[in-house]
Amino acid sequence: MSTEAKTLTASRVDTRKLATMAMLVALAYIVTVVTRFPLIGAAPYLKYDPKSVVLVIGGFLYGPTAGGAMCLVVSLIEMFTVGQSGIIGFIMNVLASVAFVCPAAWIYRRFRTLKSAVVGLAVGVVALTAVMLVWNYLVTPLYQPNMTREMVAGMLLPVILPFNLLKGGLNMALTLLLYQPVNNGLRRLHLLPALPDGETRRKIHVGNVLFGAALLVICLLVVRIMMQAA
């Protein structure tokens, strides 16, 4: 292949990549706006939306740097449109999204196996939970004067910890269920580069579906219990 042909091919791939990333950013924003619901009855103001599912799929497709960039863009759009916490809310959204998306995407892109996807997503859940615990303890009292650090500390285990574990668990379950169908669909639409010679689209792994479905059911049952316990 000539240098000119290689350049043209690379340009087409970059265009498809940018178009797909823009589509994923738009979808993440839409689900943020239209799909929000509380997970814990004791704290109905803490609401879940599945935008990180869309963003981590983008990270699986294009790597952790692209996933992080999409997290930044979605959080920025959210701040200027539906956000109510200004720059503090923006930083919190970026940290929460990046903590989940980037470790998961980095581990998956390094090994590209079902096991690495599960491990990566599990690491993302732990990272998300840890970052949000630290954030709430250190930062919440600074921008909410009516919340002392002692009050926040008293909420960490009964409220902040289970909320973020449930949030991460739902993100993990939905990603395991949706990633391969989305990947195959984007390839059919020629929005992803062609696979190398001899490699075909991966079939949806039954174990992947069963594990994701089981995790989703468990998370939803826990959410129901937590909502009724209020």
Side-chain angles (χ1 to χ4, degrees), residues 25 28-56 59 64 67-104 121-175 215-216 218-230:
V25 165
Y29 174 73
I30 291 170
V31 299
T32 298
V33 174
V34 304
T35 312
R36 305 191 72 186
F37 55 90
L39 299 180
I40 300 177
Y45 51 88
L46 294 176
K47 295 185 178 181
Y48 170 77
D49 64 71
K51 70 179 177 185
S52 291
V53 176
V54 181
L55 296 173
V56 80
M70 288 188 289
C71 293
L72 182 66
V73 172
V74 172
S75 298
L76 193 62
I77 297 172
E78 186 179 346
M79 180 181 71
F80 284 113
T81 54
V82 297
Q84 299 178 347
S85 304
I87 189 66
I88 296 295
F90 165 74
I91 295 172
M92 181 178 68
N93 281 333
V94 172
L95 286 176
S97 299
V98 166
F100 177 72
V101 170
C102 290
L121 290 167
V123 170
V125 173
V126 174
L128 163 67
T129 304
V131 167
M132 287 298 98
L133 286 172
V134 174
W135 168 272
N136 279 279
Y137 181 73
L138 295 179
V139 180
T140 297
L142 300 180
Y143 72 94
Q144 291 190 8
N146 59 323
M147 294 288 293
T148 65
R149 184 156 282 114
E150 290 73 18
M151 293 171 64
V152 174
M155 296 173 58
L156 292 180
L157 293 182
V159 176
I160 306 301
L161 178 65
F163 172 78
N164 284 287
L165 286 175
L166 282 172
K167 177 180 178 179
L170 288 169
N171 287 342
M172 180 176 179
L174 291 171
T175 302
L215 181 59
L216 181 61
I218 291 170
C219 288
L220 291 176
L221 288 174
V222 174
V223 169
R224 183 175 180 180
I225 293 170
M226 296 296 288
M227 290 298 295
Q228 292 178 340

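Considering only heavy atoms from C-beta on, Val25 comes within 4.5 Å of Ile77 through its side chain. The shortest side-chain heavy-atom distance between Ile40 and Leu46 does not fall under the 4.5 Å cut-off. Annotation: side chain of Met226 is not in contact with side chain of Leu39 (no heavy-atom distance under 4.5 Å). Two residues are said to be in side-chain contact when any heavy atoms from C-beta on lie closer than 4.5 Å; Val34 and Tyr29 fail this criterion. The closest side-chain heavy-atom distance from Val101 to Pro64 is not below 4.5 Å.
To the nearest 0.5 Å, the span separating CD1 on Ile88 from CG on Asn93 amounts to 11.5 Å. With rounding to the nearest 0.5 angstrom, the CG atom of Leu121 is 11.0 Å from the OG atom of Ser52. Between Ser75 atom OG and Leu95 atom CG the span is 9.0 Å, to the nearest 0.5 Å. Between the CG atom in Leu76 and the SG atom in Cys71 there is a gap of 12.5 Å [rounded to 0.5 Å]. Atom CG in Leu170 sits 6.0 Å away from atom CG in Leu220 (nearest 0.5 Å).
Applying the side chain to side chain contact (heavy atoms under 4.5 Å, CB included) test to Ala28 and every residue at least two apart in sequence or in another chain returns Lys51, Val54, Leu55, Val74. Partners of Phe37 according to the ring pair (Phe, Tyr, Trp, His ring centres under 6.0 Å) rule, which considers only residues two or more places apart in sequence or in another chain, are Tyr48. Checked against side chain to side chain contact (heavy atoms under 4.5 Å, CB included), Val125 has the following partners two or more places apart in sequence or in another chain: Phe100, Thr129, Leu165, Met172. The side chain to side chain contact (heavy atoms under 4.5 Å, CB included) test applied to Val126 returns no partner, not counting sequence neighbours.
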Listing, residues 146-163 side-chain donor-acceptor contacts under 3.5 Å, not counting sequence neighbours, or none:
unit_1, atom_1, unit_2, atom_2, d
Thr148, OG1, Met151, N, 3.2
Arg149, NE, Tyr137, O, 2.9
Arg149, NH2, Leu138, O, 2.8

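Applying the salt bridge (Lys or Arg N to Asp or Glu O under 4.0 Å) rule to pairs touching residues 90-101 yields nothing, sequence neighbours excluded.
Residues Gly59 and Met70 come closest through the heavy atom pair N-CE, 4.0 Å. Here the closest non-hydrogen pair linking Cys219 and Gly169 is SG-C, 3.6 Å. Shown here for Leu174 and Pro50, the closest heavy-atom pair between the two residues is CD1-CB, 4.4 Å.
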